Undergrad: 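A single structure is presented below for examination.
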Number of protein chains: 2
Amino acid sequence: MGNQKLYKGSLQTIILKLLAQNDKMYGYEITQKVKELTKGELKITEGALYPALHKLEAEGMLDVEVAKVGNRLRKYYKLTEHGTKETVNKLAEMQEFLKTMQQLVNPKFSLE
Amino acid sequence: MGNQKLYKGSLQTIILKLLAQNDKMYGYEITQKVKELTKGELKITEGALYPALHKLEAEGMLDVEVAKVGNRLRKYYKLTEHGTKETVNKLAEMQEFLKTMQQLVNPKFSLE
DNA sequence: TTTTATACATAAGAAAATTATGTATATATT
DNA sequence: AATATATACATAATTTTCTTATGTATAAAA
């Protein structure tokens, strides 16, 4: 996990993708889900997550719904219509980025 | 090219990889090579490149050799022994990052 | 002759994270 | 019963890494 800094710039896309496949999620749940899906490779910190969620909400990509579970509160986030459209774009951009980087760092490329 | 910010954090690795396969290169050459290899997808700006080269040099990853071509100067950079070792690590980290991100954003993943 | 390309560099500012800190409840461990 | 860990939110200070703007200078092309 010395590659945490490579994830810089991809947090928004990760959040949007998770919400696209899970309908609604709350912050803490997102951190746990990412840890699980990446087998501990990526640990989203609260200092990164919450500001990112607030920003996505401010941009109209997410709607919030506060729920009380026991005596503790949760903020459930879900994609707005706009957010759903943007998710498609962000995922396409991510795929292109991954493809380009793969070509750049692929050992085979040195044989050209 | 709305995905320039996804490249944040990967510049060092890109530079090292290019130097691993080209022995020695100068700054401007690197910007052109990246533009060519990525078909214009990624344009490295001077404001990002030169500080990055200076940092790699300060860290003992690169050696510099100044050359005069015509009346203009070039600074050729090449990997040090330490830089060569670090390149291997950085490339491994990059591969792991790409693999993880691929899994995270892969549409198929939503079928689990 | 004026624009574009080559070739370096740095400074100001923005974006996105890390690290540290804070509050509070719930559960597990000793 | 006491303490540590997990759950759940949040923000502030700082750092990293970039973009944008600016500067200098030579060479080639329009």
Side-chain angles (χ1 to χ4, degrees), chain A residues 1-16 24-36 40-59 61-62 64-77 90 93-94 97 101, chain B residues 1-16 24-36 40-59 61-62 64-77 90 93-94 97 101:
Chain A
M1 270 169 311
N3 59 351
Q4 286 288 95
K5 74 159 163 258
L6 293 174
Y7 290 91
K8 198 165 283 213
S10 53
L11 179 56
Q12 268 204 14
T13 306
I14 292 171
I15 292 171
L16 293 174
K24 70 173 185 176
M25 296 183 87
Y26 56 98
Y28 187 75
E29 187 185 10
I30 292 175
T31 66
Q32 300 307 301
K33 194 71 180 173
V34 168
K35 195 155 68 175
E36 177 203 326
E41 243 265 307
L42 176 57
K43 281 165 188 158
I44 295 181
T45 61
E46 301 127 301
L49 178 70
Y50 292 114
L53 287 172
H54 300 160
K55 195 186 174 201
L56 287 170
E57 189 195 348
E59 288 168 355
M61 312 261 267
L62 304 183
V64 186
E65 179 199 330
V66 180
K68 215 176 176 188
V69 178
N71 230 328
R72 223 152 33 187
L73 77 114
R74 281 182 190 167
K75 289 195 173 175
Y76 280 98
Y77 290 91
K90 297 268 189 192
E93 284 173 9
M94 176 60 77
F97 160 69
M101 275 308 305
Chain B
M1 270 170 312
N3 59 351
Q4 286 288 92
K5 72 162 166 260
L6 292 174
Y7 289 91
K8 197 164 282 214
S10 53
L11 179 56
Q12 268 203 14
T13 306
I14 292 171
I15 293 171
L16 293 174
K24 70 173 185 177
M25 297 182 85
Y26 57 98
Y28 186 76
E29 187 184 10
I30 292 175
T31 66
Q32 300 308 301
K33 194 71 181 174
V34 168
K35 195 155 68 177
E36 176 203 328
E41 241 266 306
L42 175 57
K43 279 165 189 158
I44 295 181
T45 61
E46 302 128 300
L49 178 70
Y50 293 113
L53 287 172
H54 300 160
K55 195 185 173 202
L56 287 170
E57 189 196 349
E59 289 168 355
M61 312 260 266
L62 304 183
V64 186
E65 180 200 328
V66 180
K68 215 175 176 188
V69 178
N71 230 330
R72 227 155 27 191
L73 76 113
R74 281 181 191 168
K75 288 194 174 177
Y76 279 97
Y77 291 90
K90 297 267 189 196
E93 284 173 8
M94 177 59 77
F97 161 70
M101 277 308 305

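Each chain gets a letter, A, B and so on, in the order the sequences are listed, and its residues count up from 1. Because only heavy atoms are used, hydrogens play no part in the values below, and waters and symmetry mates are left out as well, while side chains stay in. As the structure is a prediction and not an experimental result, all values here were calculated from the model.
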Undergrad: Quick one: B:Lys43 NZ to D:dT19 C1', roughly how many Å, whole number?
TA: 14 Å
Undergrad: Side-chain contact test, heavy atoms from C-beta onward, threshold under 4.5 Å: evaluate it for B:Leu16 versus B:Leu62 and give yes or no.
TA: yes
Undergrad: Using heavy-atom distances to pick each residue's nearest nucleotide on DNA chain D, tell me which of B:Thr45 and A:Tyr28 is more 5'.
TA: A:Tyr28
Undergrad: Indicate whether OP1 or OP2 belonging to D:dT17 is found under 4.0 Å from a side-chain N or O atom of B:Lys55.
TA: yes
Undergrad: For A:Glu29, report the nucleic acid contact type (base, sugar-phosphate, nothing); a contact means any heavy atom under 4.0 Å.
TA: nothing
Undergrad: Within the structure shown, what part of the strands sits under 4.0 Å from A:Gly47 by heavy-atom distance: base, sugar-phosphate, or nothing?
TA: base
Undergrad: Mind checking what makes side chain to side chain contact (heavy atoms under 4.5 Å, CB included) contact with A:Glu46, not counting sequence neighbours?
TA: A:Tyr50
Undergrad: Who pairs with B:Lys5 by side chain to side chain contact (heavy atoms under 4.5 Å, CB included), at least two apart in sequence or on another chain?
TA: A:Lys90
Undergrad: List for me each residue that meets ring-ring contact (aromatic ring centres under 6.0 Å, His included) alongside B:Tyr28, sequence neighbours excluded, and say none if there are none.
TA: none
Undergrad: By nearest nucleotide on DNA chain C, pick out whichever of B:Tyr50 and B:Arg72 is the more 5' one.
TA: B:Arg72
Undergrad: Listed by chain and number, what are the side chain to side chain contact (heavy atoms under 4.5 Å, CB included) partners of A:Lys8, not counting sequence neighbours?
TA: B:Lys8
Undergrad: Could you tell me the separation between the CG atom of A:Asn3 and the C1' atom of D:dT16, rounded to a whole number of Å?
TA: 16 Å
Undergrad: Quick one: closest heavy-atom pair of B:Phe97 and A:Leu6, and the distance?
TA: CZ-O, 3.4 Å
Undergrad: Within this structure, what is the CD1-to-P distance between A:Ile30 and D:dT7, rounded to whole angstrom?
TA: 15 Å
Undergrad: Taking only residues two or more places apart in sequence, or in another chain, which ones meet A:Lys35 in a side chain to side chain contact (heavy atoms under 4.5 Å, CB included)?
TA: A:Gln32, A:Lys43
Undergrad: Starting from C1' on D:dT11, measure out to NZ on A:Lys75 and report it in whole angstrom.
TA: 12 Å
Undergrad: For chain A and DNA chain C, what are the first and last nucleotides along the strand, 5' to 3', with at least one atom under 4.0 angstrom from a heavy atom of the protein chain?
TA: C:dA16 to C:dA26
Undergrad: D:dC18 P sits how many Å from B:Ile44 CD1, rounded?
TA: 9 Å
Undergrad: Let me spell it out: for each of A:Ala48 and A:Lys8, pick the nucleotide of DNA chain D with the closest heavy atom. Which residue's pick is nearer the 5' end?
TA: A:Ala48
